[in-house]
Trainee: 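Structure in structure tokens, see below.
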Amino acid sequence: MIVNIILCLILAGSNQLYKTGEDGAVLFIGNIPGTCENILTPPQQMPGWPCYMGVHPNYKPSGVNLADINNDGDLEIIAGSTNNLVYIWDYQGNNMPGWPVTLPAPVQAKTAIGDVDNNGDIEIVVAARNGYVNIYNDDGTAFPNWPQNANGVLGLISPTLFDLNGDGDLEIIMVQMQSGQPGHVYVWHPDGQVYSGWPQNTDYLGVATASVADIDNDSLFEIVALSYRSVYVWDQNGNTKTGWPKLNVASGMSYAQPVLADLDEDNDLEILHSYYLSNQDYVGIYHHDGANFSGWPQTYPGPQTYTTPVTADIDMDDDLEIFGGGHVFGGNDFSVRHHTGTQVAGWPVQVGMLECSPIVFDVDDDGQREILVANNSTPGSFYAFEGNGTYVTDWPTPTTAAALVNSAAVGDVDGDGDIEIALVVMDGTVNLWTLDSVAYRGYLVDWKTFFHDDWNTGWFHPAAPQNLSAENSPWWIRLQWDANTESDIAGYNIYRCDSSGGPYTKINDTLVTGLNYYDTPDSETVYYYYCITAQTRGFAESRLSNEVSGYIGISENDNNYTGRTNIKPNPFFDQISFVTGKGMPLMVTIFDITGSRIYESTGTGELIWRPGSSIPAGVYLVEIKAADNLQRYSIIKLK
């Protein structure tokens with residue numbers, strides 16, 4: 001026992017602890033207090049990983065993207081470096097053609113990824129500390145009319161992308177920080193022209209990545225931004241919204257993007273943000289009109305919070321929980337609260353100085369979402385927690401350095417169906433872990449990356465599609481659904497399972513852009529169960545829709561299905577019998593391959609079709625209707 005205690009203290013004492021200053025510079029603050037963590041077998045790095053970037057002595061990188069920039073079906077790994085480079089690697093760790101590209105200043109913030117000019121190709125938007133916003137094509141060449149000057153420091157603030165005017169192109173939104181000066185929020189069109197009504201000013205330096213959504217359902221999008229002290233909301237044309245700004249809310253709101261989410265399910269969005277006052281940390285929540293949300297703000301351990309208040313559902317009740325963090329070490333610094341403000345059972349937990357923001361998804365294939373977040377020690381730890389605050393098996397996993405103001409990203413980078421997780425840490429190590437035995441299920445990913453999505457919107461969306469239905473036929477199962485109301489929907493994913501409740505497997509290779517899908521599974525007389533999800537142009541996926549079932553063919557006679565009409569064809573050389581249980585009336589119609597009706601009969605008990613010599617060999621389609629309106633279909637081949 002004595003030996004074990006001494007060993008824990010020695011290991012813990014070797015961990016150096018870091019914090020981020022107000023200008024984004026990294027400060028060493030000492031060694032982590034004595035703790036003993038149960039680190040089990042960690043996830044494995046993908047072949048060719050980790051990769052490495054050079055770093056500035058004072059400014060460290062944050063954020064990583066996983067995106068298919070060249071439309072090959074695999075995800076590339078994109079990260080900016082504070083040695084003035086932006087890297088893109090394939091999943092094997094090879095530099096993509098044309099990358100890295102060199103900038104005239106450090107890149108400290110996560111890039112934004114999207115099809116800026118709506119031509120089918122992906123662009124990479126990069127903010128550099130010298131105040132310029134850059135755009136690059138997927139091959140590393142410069143995008144026309146860029147960079148543009150934001151006239152200030154762009155440190156830990158990322159660009160945000162959104163189609164504000166509905167023309168298909170993406171506007172670029174950038175918050176600017178200038179020490180001791182008012183901040184500015186810029187909006188540009190893709191051609192570099194300033195969007196009408198912008199820029200707008202804040203009362204003091206801008207500190208956080210902007211968020212964007214239609215928060216009040218007025219058909220105009222709102223831009224939400226933070227100064228060091230205040231919260232601002234403008235519509236897309238630069239008009240200040242009623243009830244805003246909220247001035248002098250805080251003595252500091254460093255770097256933590258405001259989050260937009262519908263917490264009370266009234267179809268309006270709430271605004272969540274982190275701040276601190278007098279060495280006490282807070283998360284505040286407002287309705288879209290600036291009124292305080294009931295039960296909030298809530299306190300967190302101080303003195304300076306940098307953690308984005310991520311929203312997700314970890315108890316599978318369809319309500320959102322709020323994930324926040326304090327900035328202390330040596331105590332329970334990471335909290336999860338219900339939207340009412342009460343703590344979720346099992347929380348808070350100790351991470352050990354928290355500036356990183358969590359991501360939330362199913363990391364262990366148990367059908368539940370878990371919470372992943374990294375701490376600020378060097379060497380450090382990357383944690384995965386169950387919804388009750390306990391460690392996920394085989395977690396935490398070690399990191400070479402502190403995470404700082406940052407977040408991981410999750411996806412299936414190599415298209416093999418399992419999970420990969422990327423995380424950049426302050427020494428420039430770019431990790432790409434794989435969980436070979438764990439399926440990646442996009443419908444269980446509530447928060448997949450820093451700032452929620454690859455456009456960095458901070459908006460928890462899309463909603464699950466509504467009113468999915470299934471229509472059966474002899475040839476296919478046809479799915480139909482209602483269109484999502486969000487303007488940035490790229491398409492839909494189709495999930496299927498052979499038992500109700502999942503887990504489901506995605507069956508579409510490319511996004512479905514319409515509102516129906518024809519599935520042709522291999523087996524007849526088998527029920528299939530379907531759900532669908534919506535996906536945004538910023539590569540965020542919704543939760544599952546309602547479940548429906550469908551089948552091709554005639555149901556086999558099964559006495560276990562009490563009350564169901566059971567119909568079974570019995571083929572013979574010269575006749576085919578159709579039987580319904582319990583003497584129910586039955587109507588049988590047979591069509592040839594052209595759709596022409598060649599036989600129709602109604603009766604009870606057993607109906608017999610004798611094709612005779614006048615019916616040629618071939619494939620015939622059978623429609624069977626029973627008295628309870630239950631329909632069955634089958635395909636019969638005559639030789």
Side-chain angles (χ1 to χ4, degrees), residues 18-28 51-65 77-88 99-113 124-136 147-160 172-179 183-184 186 205-210 225-226 228 253-257 304 306-308 355-357 374 376 378 401-409 422-431 449-451 454 456 458:
Y18 294 84
K19 66 177 288 186
T20 306
E22 292 179 1
D23 67 345
V26 175
L27 309 172
F28 169 66
C51 292
Y52 301 94
M53 305 185 298
V55 294
H56 188 282
N58 297 329
Y59 303 110
K60 308 304 178 185
S62 69
V64 59
N65 294 90
I77 297 86
I78 306 103
S81 169
T82 56
N83 72 339
N84 303 15
L85 295 173
V86 177
Y87 292 83
I88 301 184
W99 300 87
V101 298
T102 302
L103 287 87
V107 177
Q108 197 173 1
K110 180 194 172 196
T111 61
I113 307 294
I124 298 90
V125 185
V126 185
R129 278 193 66 89
N130 65 348
Y132 282 85
V133 179
N134 305 263
I135 303 181
Y136 296 96
Q148 294 293 327
N149 190 1
N151 298 296
V153 176
L154 308 180
L156 288 164
I157 308 173
S158 290
T160 303
I172 297 91
I173 306 165
M174 192 72 227
V175 178
Q176 168 252 57
M177 173 192 289
Q178 186 68 51
S179 182
H184 303 284
Y186 289 84
L205 54 91
V207 293
T209 301
L226 304 179
Y228 195 62
M253 284 191 281
S254 291
Y255 313 136
Q257 183 192 38
Q304 291 176 309
Y306 295 87
T307 305
T308 300
E355 293 182 341
C356 190
S357 298
N376 266 18
T378 294
L404 299 177
V405 182
N406 198 358
S407 188
L423 176 68
V424 177
V425 292
M426 81 173 210
D427 65 0
T429 300
V430 184
N431 301 280
T449 186
F450 213 6
F451 313 134
D454 290 342
N456 299 337

Trainee: Quick check: does any side chain N or O of T82 sit under 3.5 Å from a backbone N or O of Q108, one acting as donor and the other as acceptor?
Mentor: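 Flag not set: sc T82 to bb Q108 has no pair under 3.5 Å.
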Trainee: Donor-acceptor pair, S357 side chain versus S407 backbone, under 3.5 Å?
Mentor: no
Trainee: Check side chain to side chain contact (heavy atoms under 4.5 Å, CB included) between T20 and all other residues, then give those that pass, not counting sequence neighbours.
Mentor: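 Only L156, Y255, E355, L404, V405 meet the side chain to side chain contact (heavy atoms under 4.5 Å, CB included) criterion with T20.
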Trainee: Quick one: are P106 and N84 in side-chain contact, heavy atoms under 4.5 Å?
Mentor: yes
Trainee: Answer yes or no: does atom OH of Y228 have more than 12 heavy-atom neighbours from other residues, nucleotides or ligands under 6.0 Å?
Mentor: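 Counting neighbours around OH of Y228, more than 12 heavy atoms of other residues, nucleotides or ligands fall under 6.0 Å, so yes.
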Trainee: So, for A210 and Q257, which heavy atoms are closest and what is the spacing to 0.1 Å?
Mentor: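 Residues A210 and Q257, closest heavy atoms: O-NE2, 3.0 Å.
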Trainee: Report the distance from atom CG of N134 to atom CD of Q148, rounding to the nearest 0.5 Å.
Mentor: 10.0 Å
Trainee: Of all heavy-atom pairs between T378 and A401, which one has the smallest distance, and what is that distance?
Mentor: OG1-CA, 3.4 Å
Trainee: Mind checking what makes side chain to side chain donor-acceptor pair (under 3.5 Å) contact with N431, not counting sequence neighbours?
Mentor: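 For N431, the residues satisfying side chain to side chain donor-acceptor pair (under 3.5 Å) (neighbours in sequence not counted) are Q45.
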Trainee: State, with a plain yes or no, whether a side-chain heavy atom of N406 is found less than 4.5 Å away from one of L423.
Mentor: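 When only atoms from C-beta onward are counted, L423 and N406 do touch, with a gap below 4.5 Å.
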Trainee: What heavy-atom pair brings Y186 and N151 nearest, and what distance separates the two atoms?
Mentor: OH-ND2, 3.0 Å
Trainee: State which residues pass side chain to side chain contact (heavy atoms under 4.5 Å, CB included) with A256; sequence neighbours excluded, sorted by chain then number.
Mentor: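 Side chain to side chain contact (heavy atoms under 4.5 Å, CB included) list for A256, sorted by chain: S274, T308.
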Trainee: List the atom of I172, the atom of I135, and the distance in Å for their closest heavy-atom pair.
Mentor: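 For I172 versus I135, the nearest heavy atoms are CD1-CD1, 4.0 Å.
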Trainee: Quick check against the 3.5 Å criterion: does T111 have a side-chain atom that pairs as donor or acceptor with the backbone of I124?
Mentor: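 A pair under 3.5 Å: no.
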Trainee: Working note: V55 + M426, criterion side-chain contact (heavy atoms from CB on, under 4.5 Å); need CA distance, chi angles, decisive distance, verdict.
Mentor: CA-CA 8 Å; V55 294; M426 81 173 210; over 6 Å; no
Trainee: Looking only at heavy atoms, which two atoms of V64 and I77 are closest? And how far apart?
Mentor: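 Where V64 meets I77 most closely, the heavy atoms are CG2-CG2, 3.7 Å.
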Trainee: Walk me through it: do Y87 and C51 pass the test side-chain contact (heavy atoms from CB on, under 4.5 Å)?
Mentor: CA-CA 10 Å; Y87 292 83; C51 292; over 6 Å; no
Trainee: Treating K60 as the side-chain partner and V26 as the backbone partner, does any N or O pair qualify as donor plus acceptor under 3.5 Å?
Mentor: no
Trainee: I need the I88 CD1 to Y136 OH distance, nearest 0.5 Å.
Mentor: 11.0 Å
Trainee: To the nearest 0.5 Å, what is the distance between CG on N149 and OH on Y132?
Mentor: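 N149 CG to Y132 OH: 4.0 Å, rounded to 0.5 Å.
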Trainee: Treating S158 as the side-chain partner and T209 as the backbone partner, does any N or O pair qualify as donor plus acceptor under 3.5 Å?
Mentor: no
Trainee: Of all heavy-atom pairs between P159 and V126, which one has the smallest distance, and what is that distance?
Mentor: CG-N, 4.5 Å
Trainee: Check for a donor-acceptor pair, side chain of D454 on one end and backbone N or O of N65 on the other, with a separation under 3.5 Å.
Mentor: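 Checked: no pair found.
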